[in-house]
**Student:** 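Sharing a structure, written as structure tokens. Questions coming.
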Number of protein chains: 2
Amino acid sequence: MVLSRIILGLLALAPMTGYDLKRHFDSTVGHFWTADKAQIYRTLAQLVAEGLAEVETVAGSRAPDRQEHRITAAGRAALAAWLASEPERQVDRDPFLARVFFGADLDDGGLRLLFAQRRAATRAQLARFERMRAGAEASDRGARLRLATLDNGIAHLRTELAWLDAVEGEIGE
Amino acid sequence: MVLSRIILGLLALAPMTGYDLKRHFDSTVGHFWTADKAQIYRTLAQLVAEGLAEVETVAGSRAPDRQEHRITAAGRAALAAWLASEPERQVDRDPFLARVFFGADLDDGGLRLLFAQRRAATRAQLARFERMRAGAEASDRGARLRLATLDNGIAHLRTELAWLDAVEGEIGE
DNA sequence: ATCCGCATGTAAGTGGTTACATGATTCG
DNA sequence: CGAATCATGTAACCACTTACATGCGGAT
């Protein structure tokens, strides 16, 4: 459900192929939703079957044929309805915190490695997000909202680093 | 995989029924992992089939029979191996942020409602976590680590509220 | 020649949710 | 008398991941 609406939202910006969508899930919307191509192609077929999108085969001038998907009027209505509906409840599943929770069974070295890995991963992602932020501008309301979602990710990554400092300080002693 | 190891971790603390485990997923470990009973019973059966846990039927003195599950030596080894293994990469999927991202198609009232709902949900969860925190003590290393995972949740919820303040301030003007 | 980017999809499996179904005991 | 808690499980479905499979065009 959420995936199909995000795809509709992206198609509302411009007609796209499954491949184009995949690139969006790897970049612009990747900080709050990911999807792999098997999922994307399946969902696109579904949207077409439901009449929320339509396909047009564009002969590849110098590449394979593109299956361009375009949002329909019904699709725009479905998108608007979803935007105004109550957000699905979010599940937070964190394999790292699961390890920390049972971390008493781990020796000091293992625990330090666990935190070090988390710190490295968090830093790397923060750097990625900050690069994305730098190359964006808040021209209109839509752009400001899209930037706000990125800022949300950045804020949480910084919080994670601060938490790591606190916990490692406590453990280190 | 992660679910089965968390269950092993809980069974390492004490033998339990599926019902007991469900209560843990609703309370102590709920802030980083959730599971419903269908999943729990299925996974318990799997663990027994793999020899990582064993069952003992305890006749109910004043209630239904309990299927007590106990971790085996092989189970402890599997738990230790998982603890020392590299954490599975975490997927962050947030239906709320997805709505904000496409929020330009929403009118001002819709947008304000969206943020208000998020704020209420965040506050409610923060209150729950803080109550849990108050009733806990950091006696030994294990308890400190378990508390740290709760503090992680609290820190992120506070960050979310701060982010909401910032975004709503910007939108409101 | 070989690899990378573009572009499409299928098959099989795992993980997770929802709905259905049963039954005893205890507390108000 | 009814609701809540304890306790178990099945069936069906939906969401997501991984692996397999193909083929063109352009750059090194």
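By convention in this document, chain letters (A, B, ...) are assigned in the order of the sequence lines, proteins followed by strands, and residues within each chain are numbered from 1.
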**Student:** Keeping the roles fixed (side chain from A:Lys22, backbone from A:Ala35), state whether a donor-acceptor pair exists under 3.5 Å.
**Tutor:**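 Such a contact is found between A:Lys22 side chain and A:Ala35 backbone.
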
**Student:** What class does the angle between the rings of A:Phe32 and B:Phe101 fall in, given that below 30° is parallel, 30 to 60° is tilted and above 60° is perpendicular?
**Tutor:**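 Ring orientation, 0 to 90° scale: tilted.
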
**Student:** Could you tell me the separation between the OH atom of A:Tyr19 and the P atom of D:dG23, rounded to a whole number of Å?
**Tutor:** 18 Å

**Student:** C:dT8 phosphate, OP1 or OP2: any side-chain N/O from A:Tyr41 under 4.0 angstrom?
**Tutor:** yes

**Student:** Given atom CE of A:Met16 and atom C1' of C:dC6, what is their separation to the nearest angstrom?
**Tutor:** 16 Å

**Student:** Let me know the distance between CD of A:Glu50 and P of D:dC14, rounded to the nearest Å.
**Tutor:** 12 Å

**Student:** Under 4.0 Å: is that the gap between some side-chain N or O of B:Thr17 and OP1 or OP2 of D:dC6?
**Tutor:** no

**Student:** Does the distance from a Lys or Arg side-chain N to an Asp or Glu carboxylate O, for B:Arg118 and B:Glu160, drop under 4.0 Å?
**Tutor:** yes

**Student:** For the CZ atom on B:Arg141, are there more than 12 heavy atoms of other groups (residues, nucleotides or ligands in this structure) within a distance under 6.0 Å?
**Tutor:**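 Yes, the 6.0 Å shell around CZ holds more than 12 heavy atoms from other groups.
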
**Student:** Please name all residues satisfying side-chain contact (heavy atoms from CB on, under 4.5 Å) with B:Ser85, sequence neighbours left out, ordered by chain then number.
**Tutor:**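 With sequence neighbours excluded, B:Ser85 shows a side-chain contact (heavy atoms from CB on, under 4.5 Å) to A:Arg99, B:Trp82, given in chain and number order.
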
**Student:** Provide, to the nearest angstrom, the distance between the NZ atom belonging to A:Lys22 and the P atom belonging to C:dG5.
**Tutor:**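 Rounded to whole Å, this separation is 14 Å.
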
**Student:** Sugar-phosphate means primed atoms, P, OP1 and OP2; the rest is base. With that split, encode nucleotides 15-21 of chain D 5' to 3' as B, S or - using protein heavy atoms under 4.0 Å.
**Tutor:** SBBB-BB

**Student:** Where the side chain of A:Asp36 meets the backbone of A:Gln39, is there a donor-acceptor pair that is under 3.5 Å apart?
**Tutor:**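 Present.
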
**Student:** Please report the distance, rounded to the nearest Å, between NE2 in B:His69 and C1' in D:dG9.
**Tutor:** 12 Å

**Student:** What is the distance, to the nearest angstrom, from the CZ atom on A:Arg23 to the P atom on C:dC4?
**Tutor:**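 Rounding to the nearest Å, CZ of A:Arg23 and P of C:dC4 are 18 Å apart.
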
**Student:** Let me know the distance between CD of B:Glu56 and P of D:dA7, rounded to the nearest Å.
**Tutor:**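 In whole Å, D:dA7 P lies 15 Å from B:Glu56 CD.
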
**Student:** I need the CZ-P distance between A:Arg66 and D:dC24, as an integer number of Å.
**Tutor:**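 For the pair A:Arg66 CZ and D:dC24 P, the rounded distance is 19 Å.
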
